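Here is the structure we will look at.
Per chain, numbering begins at 1; letters A, B, ... match sequence-line order. Values in this document were obtained by computation on a predicted structure and should not be read as measured data.
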Amino acid sequence: MLGYILRRILAVIPVMLLVAVFVFLLLRLTPGDPAAIIAGDMATPAQLERIREAMGLNQPLHIQFITWIGQLLRGDLGTSLISNTPVSSMIASRMGPTLAIALLTIIMSVLLAVPMGVLAAWKHRSAADYAVMAFSVLGFSIPVFVIGYIFILIFSLKLGWFPVQGYTPISAGLLPFLKNAFLPALTLTTIYVALIARMTRANMLEVLGEDYIRTARAKGAPERTVLFRHALKNAAVPILTVIGTGFALLIGGVVVTETVFNIPGIGRLTVDAILARDYPVIQAMILLTSFLYVLVNLLIDISYSLFDPRIRY
Amino acid sequence: MAQTPPPASAMQPVLRLIRMPNAGLAPKIAAVVLLVIVLATILAPWIAPHDPLAMDPLNRLKGPMPGHPLGTDNYGRDILSRVLIGGRLSLMIGIATAIVSVLLGLIIGMIAGFFRTADAIIMRMMDALMAIPSILLAIALVALNGPSVGSVIAAITIPEIPRVVRLVRAVVLTAREEPYVEAAIALGSSMPKILIQHLVPNTLAPLIVQGTYILASAILTEAILSFLGAGVSTETPTWGNIMAEGRMFFRIKPELILYPGLMLSLCILSINLLGDTARDMLDPRLKKRAG
């Protein structure tokens, strides 16, 4: 078990190293001189040279890469070319809203999606089942920003229940925070629920056909126990997996949702950096989100053994 | 012995798919909706009531009126015409992405599945590529390469490739142990011949299904890229950039987002439903899982 966890953790290293290589090459191999882009059209050759010098662009590629990795390992994410502040402090100041909304989304999604999936599988081919399926196909088909705008239109502009845009940190009180964060989280929840409910239903359907479910029912176990103790627990591993792989979807969704609701989170920070070609910020953000994705999936992999004692390594 | 026909079992379901026997009502409606949308966008230059780029400063942000059934946008351009024409490029980007990512994924997946030495390296690279959030990777690619149609297609394609590679590799890994592949190797068939004649047909069914899902997600991603400011430049309307332009006027005229959004969602919904139907028909084993 411990050996397995150790091996899984070590396997993260080559993946992250490759991600770093991709990100590095992505920015270095694109057409155009980064220094010229940063300096703008009016730059003098001397200015360009100074920027190249500052960014280390004059050195051979592999030296640039090694220098960069060395800095990363020391926790130095570089300095923004636009605002001239350290990237790490920029990320730290923008992390709060994103984390809060992502957490709220995950909680709301799991609380909604798992019961929906269980219900759909339990009442297979009933109206409830079709409703859940229809919802999950819809969730995959409407762009997340359109969902966001529809929510703003209905809940903010027509009903006036929530502010249209903006963000209040949780430190200002739970209620003001929720007033601003609920609609963005609900928007993200719509797509995440679609994914999780579908997977829950599929796996519950499979498990409900197993012999031990018939046995449990035959010995007179109440339906609630059958569904949640016997069936759901056995369907948990694939559901957990999809929550993990869906994390990438969540990151993409956060980026879009923060733009719709004008939330000063790291999603917005990343988009702004990409559009302004703020290379150090782009590199740091893509690396960081990839690392988070790998980390979440690593934790989920390891947690399998908690849900399914049959999995022993 | 020269011409071994591909295993019949792999081709048959593909043929059956086109006829859609005993499919429910939903996929049939989806097929009709999709057909109408595709025809409307193909015929858009002839059926659109106005030039989608023609401005009319006197009639800006107007509601439905004679001559403008869906009203006008902030430049007085006809919304209906823009939505119809916008579908052309959106669909084209989707189709191009689906074809390119399936083809590239097929080639890379075959190599990974058949050549053990290449497998480990290719799959680690695919793992790394999958770890990068696809939307971020795509906006970065477009922002760095310029907002051309080609770079948008490339940006949506690259994050899709690993999924296709994994699929093809899995199919090839199973198929290569089959007696008929072993027999072909024993008979001294050349490697390209084994790959093309014996392994490609096996990947056909899952690739058709995957291709429809990629088509749907590519149309969605194009819209998101445009929305974030990293899409095709607004000289050519797409569903995505019409919605992106509508953002500024959302409070006064939500239709600028809602109409193209509706067209796009209907289109993606139909493609997804058809994809599900294709999956159920091509792989009865999956049907049991997904119901």
Side-chain angles (χ1 to χ4, degrees), chain A residues 14-23 26-27 30-32 120-121 124-125 129 133 137-138 140-146 149-150 152-153 157 164 198 201-203 205-206 209 245 247-249 251-253 255-256 259-260 270-271 274-277 282 285-287 289-291 293-294 297, chain B residues 26 121 124-146 158-159 213 216-217 219-224 227-230 239-240 243-244 246-247 250-251 254 257-258 260-262 264-273 276 286 288-291:
Chain A
V15 171
M16 281 317 295
L17 199 66
L18 274 170
V19 171
V21 173
F22 281 154
V23 173
L26 179 74
L27 298 182
T30 43
H124 188 37
R125 292 186 198 290
D129 183 18
M133 283 307 276
V137 181
L138 268 180
F140 280 124
S141 306
I142 307 178
V144 61
F145 61 89
V146 174
Y149 278 120
I150 292 176
I152 292 181
L153 193 66
L157 295 176
V164 176
R198 199 181 162 103
R201 175 181 176 274
N203 287 292
L205 273 180
E206 192 163 310
T245 48
F247 191 72
L249 196 77
I251 293 173
V255 170
V256 179
T259 307
V260 173
T270 316
V271 176
I274 291 177
L275 298 180
R277 302 199 177 209
I282 305 177
M285 284 315 304
I286 295 186
L287 267 184
T289 45
S290 309
F291 183 63
Y293 174 79
V294 170
N297 283 289
Chain B
I121 302 166
R124 286 301 77 71
M125 286 174 70
M126 293 301 132
D127 285 348
L129 209 50
M130 278 184 88
I132 305 176
S134 53
I135 294 283
L136 290 188
L137 183 57
I139 34 174
L141 285 168
V142 180
L144 298 170
N145 289 312
I158 290 171
Y213 291 141
S217 95
I219 296 173
L220 207 59
T221 311
E222 184 276 320
I224 290 175
F227 177 77
L228 293 173
W239 286 332
M243 290 190 275
R247 268 173 68 191
F250 177 71
R251 284 185 191 214
I257 289 180
L258 296 184
L262 182 70
L264 179 138
S265 303
L266 274 178
C267 186
I268 297 173
L269 185 64
S270 311
I271 297 171
N272 276 334
L273 278 174
D276 287 352
L286 283 173
K288 208 186 118 226
R289 277 180 65 100

Fill in the blank from the handout: Contacts of A:Tyr293 meeting side chain to side chain donor-acceptor pair (under 3.5 Å) (sequence neighbours excluded), chain-then-number -> none

Fill in the blank from the handout: Bottom line for A:Tyr149: the part with an atom under 4.5 Å from chain B's heavy atoms is both

Exercise for the section: Quick one: sort the B:Phe227 and A:Phe145 rings into parallel, tilted or perpendicular, breaks at 30° and 60°. Expected result: parallel

Problem - B:Asp127, part contacting chain A, at a heavy-atom distance under 4.5 Å - result: both

Problem - Stepwise side chain to side chain contact (heavy atoms under 4.5 Å, CB included) check, A:Leu18 with B:Leu129 - result: CA-CA 8 Å; A:Leu18 274 170; B:Leu129 209 50; over 6 Å; no

Problem - Contact summary for B:Ala140 and A:Ile274, nearest pair of heavy atoms - result: CA-CG2, 3.7 Å

Fill in the blank from the handout: Residue set satisfying side chain to side chain donor-acceptor pair (under 3.5 Å) with B:Ser270, at least two apart, ordered chain then number -> none

Problem - Residues A:Phe22, B:Leu137; criterion side chain to side chain contact (heavy atoms under 4.5 Å, CB included); working and verdict - result: CA-CA 10 Å; A:Phe22 281 154; B:Leu137 183 57; over 6 Å; no

Completion exercise
Note: A:Val19 and B:Ala131 closest approach over all heavy atoms is CG2-CB, 4.2 Å

Exercise for the section: Could you tell me which portion of A:Ile142 (side chain, backbone, both or neither) has an atom closer than 4.5 angstrom to a non-hydrogen atom of chain B? Expected result: both

Practice task
Side chain from CB out, backbone as N, CA, C, O: work out which of these in A:Val294 comes under 4.5 Å of a heavy atom of chain B, or both, or neither.
Solution key: side chain

Exercise for the section: Would you mind checking which part of A:Leu138 comes under 4.5 Å of any heavy atom in chain B, side chain (CB onward), backbone (N, CA, C, O), both or neither? Expected result: both

